[in-house]
Amino acid sequence: MTTVTTELAHESRLTRERRRWNVERIAVHAVLLAFVALALGPILIVILNSLKTTPAIFGGPFALPTAETFSLAGYERVLTRGNFLLNYRNSLIVTLVSVMLTVGLSTLAAFALVEYRVRFVPLLAGLFIVGVMLPIRLGTIPLIQIMIGLRLMDTLWALILVYTAMSIPLGVTLMMTYFRTVPGELKEAARVDGASEFRTFSIILPLVRPGLAAVATVTMLPIWNDLWFPLILAPGKANQTVTLGVQQFVGQFLNDYPALLAALTLGALPLVVLFTVFSRQFIRGLSAGYGK
């Protein structure tokens, strides 16, 4: 009798724990779904309203496009009016060149800081960490003076240099965590076999590929979305980026809302494609980098 009672009590406890686990699981998923809806809701509203006429946008901003309200005129004006395609090209050039420079320079600097044991290495590593915390916009006036001295004002190179300098501290900090996880025996074996430092670097580089993906993705997002430096350093029509070019659809007395929303949708498209294709590698690389 005692054995049966014990078994029944054990089964009852297991049932209560299973129910509690199911309730907690449902609650966690509900919270996550709420956050997803909160994040995707504004994006969906922008996309839906970019497919409607101006009266339909104000008449029902949360309504789906219908046969009467559906219109692609906003996209047509974006592609045919103004310099949006040129702005798109400028953003692609600035972003891709800045990301490549950031990844390359950050990887080389992180490798040197991890491998070479000299006195000033901790100081340099600390300076890179400080660079992550300090906003580069505080130095806008000195940057303008530097670009004027270098005759780079109103050029894409001004943006590329500033964005690269802005992104390197975080890139070096992330890559150092990855290089510290590479087995020392592998590097020593390469050096014993007569490999140069650059050859040793190329041998261990495939082991830190998640870090490269994380640095590239984290770097691309603020560069593509930035408005401050394009407005300050490259305001000319020939060098405007997407974020600055969108302003052409906003007037003092009249705004072209379908074209404005269409431009915002097209401007966000590269980021959506990037995170869709590389989301798994990005999350793995970023979480591993911060967790080490």
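In this structure, the side chain of Gln240 engages the main chain of Pro235 through a donor-acceptor pair within 3.5 Å. In this structure, the side chain of Thr243 engages the main chain of Asp226 through a donor-acceptor pair within 3.5 Å. Remark: side-chain polar atoms of Lys52 are paired, donor with acceptor, to backbone N or O of Ala63 under 3.5 angstrom. Lys187 places no side-chain N or O within 3.5 Å of a backbone atom of Phe201 that could act as its donor or acceptor partner. A donor-acceptor pair under 3.5 Å is formed between the side chain of Ser91 and the backbone N or O of Val242. Counting only distance, with no hydrogens or angles, the side chain of Thr217 and the backbone of Ala214 share no donor-acceptor pair below 3.5 Å.
Closest approach of Met175 to Leu212, counting heavy atoms only: CE-CD2, 3.7 Å. Heavy-atom minimum distance, Pro169 versus Gly131: CB-C, 3.8 Å. Looking at every heavy atom in both residues, Thr102 comes nearest to Ile168 through CG2-N, 4.2 Å. Minimum interatomic distance between Thr155 and Ala234 (heavy atoms only, all atoms of both residues): O-CB, 4.0 Å. Closest approach of Met147 and Leu161 over heavy atoms only: CE-CB, 4.3 Å. Heavy-atom minimum distance, Pro270 versus Gly267: CD-O, 3.5 Å.
Side-chain contact between Met176 and Phe111 is absent, with no heavy-atom pair separated by less than 4.5 Å. Inter-residue side-chain proximity for Trp224 and Val94 is flagged as unmet; no heavy-atom pair is nearer than 4.5 Å. Put simply, the side chain of Ile223 does not reach to within 4.5 Å of the side chain of Met220, judged on heavy atoms. In this structure, the side chains of Phe62 and Ile45 come closer than 4.5 Å at one or more pairs of heavy atoms. Contact annotation: the side chain of Thr95 approaches that of Val99 to within less than 4.5 Å [non-hydrogen atoms, C-beta and beyond]. Side chains of Trp228 and Arg137 form a contact here, defined as non-hydrogen atoms less than 4.5 Å apart. Side-chain atoms of Tyr88 and Thr241, non-hydrogen and from C-beta on, never get closer than 4.5 Å to each other. Inter-residue side-chain proximity for Thr54 and Pro258 is flagged as met; some heavy-atom pair is nearer than 4.5 Å.
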Practice prompt. Could you check Leu113 against Phe179 for side-chain contact (heavy atoms from CB on, under 4.5 Å), going step by step and ending with a plain yes or no?
Written response: CA-CA 10 Å; Leu113 291 174; Phe179 280 117; over 6 Å; no
Practice prompt. Take Thr69 and Thr66 through the test side chain to side chain donor-acceptor pair (under 3.5 Å) and record every step on the way to the result.
Written response: CA-CA 5 Å; Thr69 61; Thr66 62; 3.1 Å; yes
Fill in: Worked check of side-chain contact (heavy atoms from CB on, under 4.5 Å) between Glu197 and Tyr116
CA-CA 11 Å; Glu197 286 300 305; Tyr116 303 141; 3.1 Å; yes
Fill in: Steps toward side-chain contact (heavy atoms from CB on, under 4.5 Å) verdict (Leu143, Phe229)
CA-CA 10 Å; Leu143 286 173; Phe229 286 117; 3.8 Å; yes
Practice prompt. Report the C-alpha distance between Thr173 and Thr177 in whole Å, list the side-chain angles of each, state the deciding distance to 0.1 Å, and finish with yes or no for side-chain contact (heavy atoms from CB on, under 4.5 Å).
Written response: CA-CA 7 Å; Thr173 304; Thr177 62; 5.6 Å; no
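In the hydrophobic cluster analysis, where Ile, Leu, Val, Met, Phe, Trp and Tyr join through side-chain heavy atoms closer than 4.5 angstrom, Leu150 is grouped together with Ile232. Note: the hydrophobic cluster containing Leu244 does not contain Leu79 (ILVMFWY, side chain heavy atoms under 4.5 Å, direct or indirect links). When the side chains of ILVMFWY residues are joined at heavy-atom separations under 4.5 Å, either directly or via intervening members, Met153 and Val97 end up in a single hydrophobic cluster. Residues Leu231 and Val162 are members of separate hydrophobic clusters, defined by side-chain heavy-atom contacts under 4.5 angstrom among Ile, Leu, Val, Met, Phe, Trp and Tyr. Linking Ile, Leu, Val, Met, Phe, Trp and Tyr whenever their side-chain heavy atoms come within less than 4.5 Å leaves Leu260 and Leu44 in two separate clusters.
Atom CG of Leu138 is surrounded by more than 12 heavy atoms from other residues, nucleotides or ligands within 6.0 Å.
In the hydrophobic clustering, where aliphatic and aromatic side chains (Ile, Leu, Val, Met, Phe, Trp, Tyr) are joined below 4.5 Å either directly or transitively, Leu48 groups with Leu64.
Judged as a ring pair (Phe, Tyr, Trp, His ring centres under 6.0 Å), and not counting sequence neighbours, Tyr163 has no contacts.
A salt bridge links Glu115 with Arg191: the distance from a Lys NZ or Arg NE/NH1/NH2 to an Asp or Glu carboxylate oxygen falls below 4.0 Å.
The CG atom of Leu51 lies 7.5 Å from the OG1 atom of Thr265; values are rounded to the nearest 0.5 Å. Here the CG-OG distance, from Leu72 to Ser50, works out to 8.5 Å after rounding to the nearest 0.5 Å.
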